[in-house]
2 protein chains.
Amino acid sequence: METVPVWLRERRTGVGRPAERSRAEVTAAAIALADREGLAAVSMRRVAAELGTGPASLYRYVDSRDDLLDLMTDEMATEYRLPEPGGPWLPALLEVYRQGRAVMLRHPWLPELLLTRSALGPHSTELLEHVLAILAAHPAGAGRKLEAFAVMTTLTAALTLNELNASSGAPQRQGAYLAHAIAAGRHPHLTAALAGGPPTPAPRFEDTVSRVLTGLLGE
Amino acid sequence: METVPVWLRERRTGVGRPAERSRAEVTAAAIALADREGLAAVSMRRVAAELGTGPASLYRYVDSRDDLLDLMTDEMATEYRLPEPGGPWLPALLEVYRQGRAVMLRHPWLPELLLTRSALGPHSTELLEHVLAILAAHPAGAGRKLEAFAVMTTLTAALTLNELNASSGAPQRQGAYLAHAIAAGRHPHLTAALAGGPPTPAPRFEDTVSRVLTGLLGE
DNA sequence: ACTCTTTCGGGAACAGTGTTCGCGAACAAT
DNA sequence: ATTGTTCGCGAACACTGTTCCCGAAAGAGT
């Protein structure tokens, strides 16, 4: 029962044969592979091949595939370019999540990882610290602020995942059954909602985010 | 490229040798197995063993494991016991997601499936119809209502998943690094937020949900 | 210069996975 | 009884994450 997260499991250096690669290198290779061929392609063998080594070598840098996924996720938090906290909190937080969406669009495998595992690494912690700084003057309690951070991460991932699914082949799969359900005629409200072809103007990302933010943190 | 969802791929009956089992039976076996041993235990071989057959037989009822997971997910929508729509929308929706959480606590494998795949089957569609009925008098556009449904499903799943992880061995994993980050001293706001031991009173599920709901749908 | 100790690299193997093939059996219709 | 069609499913294929283990490589101590 290993309860220590990856980031606290540093190897001691200076003794024995030096490593030919680094944890960062392995992470970068996995990210490149995921960007190119999707998360399903990130197997230990494929990542190893990416680095020109055998699969067993990766276990010198990472304890398991799950560890590697956590490292990939946390690494994404380095792509934010955030201005110094200051000014009203709402536009500042909006900028944070706008950038979050941009990162996820660049790395389409990210939302799934963010939604299914809840690993807080060093870089994600930096991001949390930044959000808390933005909210420093906000009167809400610490519990509500932490909750807002968690909910907004989830919300951003969920909205972006929807966007990504919509722009790939998925709508046929999803829409096919809905069309059938409407044709069957037993869903009056659904029929009414989808009357005008596609789901009618989908709300803009920033619009939804700022609505939920004001809901979570008040005014 | 098969874009037709499972639910529209019914087999024709009355010709040839009759099937010994049914799609519903296979789904039920998979659900029972997932309830008992978790989602990872739901392999084609284990499900087949549950039914006393060989793994290849399952492919008479289901095109792939993904199909089976979609069937399991949609089946969960039958566990809702919802009152007739009527009255103010907020408490009515709150009841929907309170029940959603209850279903997920009963079937701890559900959140992960809801978060990673977005399959709308017959029973989920019934639930969507119910939510739209609750919102029938609401002035928001159809796009916003549909988005609210998608977002709330995801959010409920994410929150419940967090709850489930927190009540198992996971909090150590998450808390361990946070403690380390605070000890390092470079995160003043984070340190302040976590000053009083645990994250201060964690907001209740219904509280969070109703805040997000009013954010999404106004009022 | 030599050993000692420690770590790294990675081939081979294990236990498992999803899925396909193909054949014999079982039924409905003719 | 024959034909058409479906079902059951053993066997096999190409993968997966992970562990074992051994030889190689480097620094430390003498």
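We name chains A, B, ... by the order of the sequence lines, and we start the count at 1 in each one. For the numbers below, each heavy atom of this structure counts, side chains included, while hydrogens, waters and symmetry mates do not.
The minimum heavy-atom distance between Arg211(A) and Leu216(B), with the atom names listed, is NE-O, 3.6 Å. The nearest pair of heavy atoms linking Ala157(B) to Met104(B) is CA-SD, 3.5 Å.
Rounded to whole Å, atom P of dC7(D) lies 12 Å from atom CZ of Arg21(B). Taking atom CD on Glu25(B) and atom C1' on dC7(D), their separation rounds to 14 Å, with Å as the unit. Atoms CZ (Arg65(A)) and P (dT18(D)) sit 8 Å apart, rounded to a whole Å.
Annotation: cation-pi geometry not satisfied between Arg21(B) and Tyr61(B) (NZ/CZ under 6.0 angstrom from ring centroid, within 45° of ring axis).
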Short heteroatom pairs, N/O only, protein and nucleotides 19-24 of chain D, under 3.5 Å:
{"from": "dA24(D)", "atom 1": "N3", "to": "Arg17(A)", "atom 2": "NH1", "distance (Å)": "3.2"}

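For the atom pair Leu190(B) CG and Ile182(B) CD1, the distance stands at 4.5 Å (nearest 0.5 Å).
Of the candidates dT5(D), dC9(D), dA26(D), the closest approach to any side-chain atom of Val15(B) belongs to dT5(D).
Residue Arg204(B) places its CZ atom among 12 or fewer non-hydrogen atoms of other residues, nucleotides or ligands, all under 6.0 Å distant. When the shell of 6.0 Å around CZ of Arg186(B) is examined, it contains 12 or fewer heavy atoms from other residues, nucleotides or ligands.
Dashed line: the shortest gap from a side-chain N or O of Ser57(A) to OP1 or OP2 of dG9(C) is not under 4.0 Å. Taking 4.0 angstrom as the limit, Tyr61(A) places none of its side-chain polar atoms (N or O) nearer than this to OP1 or OP2 of dC8(C).
Of the residues near DNA chain D, Gly54(B) and Ala19(B), the one whose nearest nucleotide (by heavy atom distance) lies more toward the 5' end is Ala19(B).
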(request) Please assess Asp63(B) against Val6(B) for the test side-chain contact (heavy atoms from CB on, under 4.5 Å), listing each intermediate value before the final yes or no. (result) CA-CA 8 Å; Asp63(B) 274 17; Val6(B) 213; over 6 Å; no
(message) Please determine whether side-chain contact (heavy atoms from CB on, under 4.5 Å) holds for the pair Trp7(B) and His180(A), giving the CA-CA distance in whole Å, both sets of side-chain angles, and the decisive distance to 0.1 Å.
(response) CA-CA 10 Å; Trp7(B) 300 281; His180(A) 175 85; over 6 Å; no
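The stretch residues 37-53 of chain A comes close to DNA chain C through Arg45(A), Thr53(A), each having a heavy atom under 4.0 Å from the strand.
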